[in-house]
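Read through the structure below, which is laid out as structure tokens, and then see the notes.
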Amino acid sequence: ARDVATTTGTLMAGNICNTNIYDPGKPESIDMTRKIFEEQIRWAVEEGADYIIAETLTYQGEALLALDAIKTSNLPAVITLTPTLSTDMTFETDPTIPVEQALRTLEDRGAAVVGFNCMRGPATMLPVMKKARHACRGHLAALPVPYRTTTEQPHMFVLKDLDTQSEQAFPSNLDEHLVSRKAVADFTRAAQELDFKYLGLCCGNTPGHMRSMAEALGRSPEASKYSADMKKHFMMGSDKSLKPQNTDVMRERVCRTN
């Protein structure tokens, strides 16, 4: 990763995430979590990381531990929370902490970027993004999963199999809930309007989705040469070499909606 970043003139990130052992009511758990973060950050620093990401955190306390550990490295910290499953709250000894308040606390404690990642798709992440924008003053991040989450099914763990409408789609049948590349582009533009500048996609991301996000940001990655170009499509195209019986007559018949 360091070699690629150096060659391309980009940044290399170190990464830590939820430990799944953190328990705010157990001092020994807090101490172990801190030690895990410190060890992993030390490895990232030794390999030349430019900044450290702490992601997929649901406990505000664990996020603060991660931030404090990153600050000892003197590297910038990007902290992204995952809103609890069906609410806009974070898990904590006080389970009523709104995520935007948790983000503001992290920002005030020195995080360079704060925001959200994972669990929610674009449709259900945007509402909490708006709350974060009102609460925070600095740089914000958003990395949703590329799935069609809804108000009724707000995160990927509760999405239902489309055939049975009862079985859990996670993990093997989530592909039937994938959003379109256009939906990713629309989300990206909406995020830009909210002044979110650190953008990406989380679990389930594909190269095509990532390319759509980059293009919506006005970039032309190498993979853009594979983006759809319909100019010479036999029926939908506009190239002068195409036959009118296809572009006019057949298009009218095939694409008729009534």
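Scope of the values below: all heavy atoms of this structure, side chains included, with no hydrogens, waters or symmetry mates. Every value quoted in this text rests on a predicted model; they were computed, and no experiment measured them. Positions are given from 1 along the sequence.
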Just so I know, are the side chains of [X] and [Y] near enough to count as touching, which here means a heavy-atom distance under 4.5 Å?
X	Y	answer
Phe196	His139	no
Glu47	Arg2	no
Leu159	Leu174	yes
Leu81	Leu106	yes
Ser224	Glu215	yes
Val99	Lys131	no
Ile21	Thr33	yes
Val4	Thr7	no

Between the side chains of [X] and [Y], is a donor N or O closer than 3.5 angstrom to an acceptor N or O?
X	Y	value
Thr56	Asn117	yes
Thr105	Arg109	no
Asp23	Ser29	no
Arg211	Ser227	yes
Glu62	Asn18	no
Thr206	His209	yes
Glu38	Thr72	no

ask   = Going by side-chain heavy atoms closer than 4.5 Å, which hydrophobic residues are tied to Tyr51, directly or by a chain of links?
value = Leu11, Ile53, Val78, Val113, Leu143, Tyr198

Spacing of [X] atom [atom1] and [Y] atom [atom2] [to the nearest 0.5 Å]:
X	Y	atom1	atom2	result
Phe157	Gln168	CZ	CD	8.0 Å
Leu65	Tyr22	CG	OH	5.5 Å
Asp68	Phe37	CG	CZ	10.5 Å
Leu103	Glu107	CG	CD	8.5 Å
His134	Arg104	NE2	CZ	13.5 Å
Asp195	Met129	CG	CE	10.5 Å

Stepwise side chain to side chain contact (heavy atoms under 4.5 Å, CB included) check, Thr247 with Phe234 = CA-CA 7 Å; Thr247 57; Phe234 82 102; over 6 Å; no

So, [X] side chain and [Y] main chain: donor-acceptor pair closer than 3.5 Å or not?
X	Y	value
Thr124	Pro154	yes
Gln153	Lys160	yes
Ser212	Gly208	yes

[X] versus [Y], closest heavy-atom pair with distance:
X	Y	answer
Pro146	Asn205	CG-N, 3.7 Å
Ala216	Arg189	CB-NH1, 4.0 Å
Ser180	Arg148	N-NH2, 3.9 Å
Cys136	Val114	SG-CG2, 4.2 Å
Cys203	Tyr147	O-CE1, 3.5 Å
Ala169	Glu176	CB-OE2, 4.4 Å

More than 12 foreign heavy atoms under 6.0 Å from [atom1] of [X]: is that the case here?
X	atom1	value
Met210	CE	yes
Glu46	CD	yes
His233	NE2	yes

Do the side chains of [X] and [Y] join up, straight or via other hydrophobic residues, at under 4.5 Å, putting them in one cluster?
X	Y	answer
Leu194	Leu140	yes
Ile36	Ile70	no
Met235	Met230	yes
Tyr226	Leu217	no

key: Evaluation steps, side chain to side chain contact (heavy atoms under 4.5 Å, CB included), between Ile41 and Ile16   = CA-CA 7 Å; Ile41 291 166; Ile16 58 177; 4.0 Å; yes

ask   = Salt-bridged, Arg181 to Asp186, with N to O below 4.0 Å?
value = no

query = Under a 4.0 Å N-O cut-off, is there an ion pair linking Asp31 with Lys26?
reply = no

query = Step by step, would you call Asn173 with Asp163 a side chain to side chain contact (heavy atoms under 4.5 Å, CB included)?
reply = CA-CA 10 Å; Asn173 289 340; Asp163 292 326; over 6 Å; no

query = For the side chain to side chain contact (heavy atoms under 4.5 Å, CB included) test, which of Arg120, Met119, His155 pairs with Thr82?
reply = Met119

task = Any chance you could lay out the side chain to side chain contact (heavy atoms under 4.5 Å, CB included) test for His177 and Leu162, step after step, and finish with the verdict?
result = CA-CA 8 Å; His177 290 282; Leu162 293 179; 3.4 Å; yes

